[in-house]
Protein chains: 2
Amino acid sequence: MNHLPLLDYINKYINLTIEEEIILLSKIVHRNYLKDQYIVQQGDICKSANFIISGCTKTFYMDGEGQEHIVMFSIEDWWSSDLGSFITQTPADFNLQCLENTELIQFTYNNLKELYAEIPKLERFFRKIIERAFVASQKRIIRNFSLTAKERYLIFKEAYPKIEQRVPQYMIASYLGITKEFLSKIKGQLIQNQ
Amino acid sequence: MNHLPLLDYINKYINLTIEEEIILLSKIVHRNYLKDQYIVQQGDICKSANFIISGCTKTFYMDGEGQEHIVMFSIEDWWSSDLGSFITQTPADFNLQCLENTELIQFTYNNLKELYAEIPKLERFFRKIIERAFVASQKRIIRNFSLTAKERYLIFKEAYPKIEQRVPQYMIASYLGITKEFLSKIKGQLIQNQ
DNA sequence: AAATGATATTAAACTAGATTAACATCTATT
DNA sequence: AATAGATGTTAATCTAGTTTAATATCATTT
């Protein structure tokens, strides 16, 4: 039961006292998922905010034609949740699935509510986390509109080198909003021109 | 000096006491901009979080080719800021420009910091606001990937009928990530098929 | 009411990326 | 080591959306 990554992560944004850390640890659940298991399925209610200790997940949307669209990959020290479903406790738009065996810490809806009441500082922590996530999301929209697929791929490689190594190409294509065939073509061009 | 829309809006998420409202009002600035004026320019530091009392703004990114890409429109009861620039106090990626004469309330960086210290409840308020903004942003990414331009346009019309009326078509095209010519074609098709 | 500038439409030629399909490689299981 | 299933590549054809360019409409100012 290794909680250190979570506490280290939180203490980058706020300072918890030992007592507060103890309260916090009393309200979280440790959970292990196997590769390919679902943490949340589209239509279910996302019951917890999930902090990843180790492993990797994808957050994706399955459209009417049965096509998968990946919104994000999450690895160690990041979150994996359908936030929309979690905050409103309504059915999820997204699926969360493990791409590797994954160890995570779960904050259930009610426990997090209690934590906000007992450790108001946590409001600030989560505010800051979400501010950053929102900014990243806005920048991604702009990139999708103003850059070509090749440019987006190069930026992805540079920004998330770890993820590129751990995830199959066809999922990266989905994240970039292109087909696997076209990503393959782009990679071919890049090898040639170098 | 009409502060009511802001207080009403805040009190939908948290409950402020009269004393807290007074503190809050003492730390905000009322400001009027004319149509076409910039609230923030790309490269500047976004010095305030801006709540719109009346009017309309666009948040856009100017790319290397001098093309404008609109990330969002903001009207009454919503925010208009480059959040990334504001929270890190580093140069803005986006421009904020008024599309109408606009009356807004500004929270400067330092005043907001003081407000968070004096009224910790505000952390919760802003957390909730940004959670919602993040969820909307994620959904937009998915829509851009899984829907055609025509579908996106129909959704936009339905979700923001007020904005469609107030903003020129070519800006809506930019928001949708397509050219004004193609939006014109889509509209032509929709009229024909009905 | 004419003139100017901003916004919108139409149509032809073009291109980034999709689709289809055949084949290649890699990995895991028996 | 052979087979099956998942992943990746290549190439031809196709299409949603772009580009260019000409024309039309609308709003504002003189």
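Residue numbers begin at 1 in each chain, while the letters A, B, ... track the order of the sequences. Predicted, not measured: the structure shown is a model, and the values here were computed from it. For the numbers below, each heavy atom of this structure counts, side chains included, while hydrogens, waters and symmetry mates do not.
- Scanning for salt bridge (charged side-chain N to carboxylate O under 4.0 Å, His left out) contacts around A:E21 gives an empty result, with sequence neighbours left out.
- Of the residues in residues 93-101 of chain A, none has a non-hydrogen atom less than 4.0 angstrom from any atom of DNA chain D.
- In the set D:dT18, C:dG17, C:dT10, the nucleotide with an atom closest to the side chain of B:S184 is C:dT10.
- When rounded to the nearest whole Å, the span between NZ of A:K185 and P of D:dT13 equals 13 Å.
- If you take CG of A:L176 and P of C:dA16, they are 17 Å apart, rounded to a whole angstrom.
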Evaluate the criterion salt bridge (charged side-chain N to carboxylate O under 4.0 Å, His left out) for residue pair A:E76 and A:K162; output intermediate values, then yes/no.
-> CA-CA 11 Å; A:E76 305 80 55; A:K162 278 185 206 161; 5.6 Å; no
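- Across the protein-nucleic acid pair, A:E65 atom CD and C:dA18 atom P stand 14 Å apart, rounded to whole Å.
- Rounded to whole angstrom, the span from the NZ atom of B:K35 across to the C1' atom of D:dA27 amounts to 10 Å.
- By the 4.5 Å heavy-atom criterion applied to side chains, A:Y61 and A:N95 are not counted as neighbours.
- For A:D63 and C:dA18, the CG to P distance is 13 Å, given to the nearest whole Å.
- Taking a cutoff of 4.0 Å between a charged side-chain nitrogen and a carboxylate oxygen, A:R127 and B:E131 do not qualify as a salt bridge.
- To the nearest angstrom, C1' of C:dA16 lies 14 Å from CZ of B:F182.
- Under the 3.5 Å distance criterion, the side-chain polar atoms of A:R124 are left unmatched by any main-chain donor or acceptor of B:P120.
- Panel note: side chain A:T102, backbone A:E100; a donor-acceptor pair is recorded below 3.5 Å.
- Side chains of B:S48 and B:N50: a donor on one and an acceptor on the other come within 3.5 Å.
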Using nucleotides 20-29 of chain C, report all nitrogen or oxygen pairs with the protein that are shorter than 3.5 Å.
none

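- Here the P atom of nucleotide C:dA16 and the NZ atom of A:K150 are 10 Å apart, to the nearest Å.
- Residues forming a side-chain contact (heavy atoms from CB on, under 4.5 Å) with A:Y170 (at least two apart in sequence, or on another chain): A:P168, A:K180.
- The phosphate of C:dA18 has OP1 or OP2 within less than 4.0 Å of a side-chain N or O from A:T179.
- In this model, no donor atom of one side chain and acceptor atom of the other lie less than 3.5 Å apart for A:Y9 and A:W78.
- Within residues 158-174 of chain A, the residues having any heavy atom closer than 4.0 Å to DNA chain D are, in order of number, A:P168, A:Q169, A:Y170.
- Side-chain contact annotation: B:E151 with B:T148, donor-acceptor N/O pair under 3.5 Å present.
- Judged by distance alone, the side chains of A:Y153 and A:E164 do bring a donor and an acceptor atom under 3.5 Å apart.
- Annotation: cation-pi geometry not satisfied between A:K113 and A:Y116 (NZ/CZ under 6.0 angstrom from ring centroid, within 45° of ring axis).
- Comparing the start and finish of the helix from C:dA1-D:dT30 to C:dT30-D:dA1, five pairs each, the helix axis swings through 40°, to the nearest 10 degrees.
- With hydrogens and angles ignored, the 3.5 Å screen pairs no side-chain donor or acceptor of A:N111 with any backbone N or O of A:F107.
- Going from atom CG of B:L183 over to atom C1' of D:dG17 covers 12 Å, rounded to whole Å.
- Side chains of A:R143 and A:F156 form no contact here, defined as non-hydrogen atoms less than 4.5 Å apart.
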